[in-house]
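Order of appearance sets the numbers: ligands from 1, and atoms from 1 within every ligand. Computed from heavy atoms alone, side chains included, the values below leave out hydrogens, waters and symmetry copies.
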Amino acid sequence: MLQRIVRYCFAHGSHKPTGPIFAPSVQDKMIYINVYNDGEFERIPAYIGESLLTALRRFRVTNIPGDCEGGEQLDSILENPVQTNTFGPTCGSCHILISSPWVEKLRDPFYLEELIINRQDYAVAKQSRLACAIKLEKWMDEMEVSLPINENSENM
Ligand code: FES
């Protein structure tokens, strides 16, 4: 049966591309994030669509605990922020600072992110955000992110 289908497809030309094939390359799906961490600088590659926390962890940015992983155990708050069974961020240990002009271009923090940031005992700046609650997009290429000194490493 399978052979018949394959033969039919080849005979009727359905396997032939009708125009140029535009498969997305890896480069189309990647951006770079500039990370200032404890006096050191690192430029890390990241995938569009993943959380900033995931990208930082992949490249062993170690002093960002991110204990609750943004509550992604059940359902990603980034994918579906109105999902009622989503935990959302709870720990606040992925606090980062995002430089201008990127921080102004980010969407406003959703209510849970704002609540968690304001509940923490660290100094909250205008650039304060939670790495788990930032979904990477193409325009964020070369975004500058810094880890607040010492506050996160004390939590480890
Ligand atoms: S990892 Fe817990 S709030 Fe971001």
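With V35 as the partner, the side chain to side chain contact (heavy atoms under 4.5 Å, CB included) test is satisfied by one option alone out of L52, I96, L56: L56.
The number of heavy atoms from other shown groups lying within 6.0 Å of NZ (K29) does not exceed 12.
Put simply, CG on D67 and OG on S93 are 4.0 Å apart, with the number rounded to the nearest 0.5 Å. Annotation: the span from I117 atom CD1 to L130 atom CG amounts to 4.0 Å, rounded to 0.5 Å. Of the inter-residue distances, the one linking Y32 atom OH with L136 atom CG reads 13.5 Å to the nearest 0.5 angstrom.
Between the side chains of E142 and N34, at least one donor-acceptor pair of N or O atoms lies under 3.5 Å.
Listed by chain and residue number, the protein N/O/S atoms under 2.8 Å of atom 2 (Fe) of ligand 1 are C68 SG, C91 SG, with waters left out.
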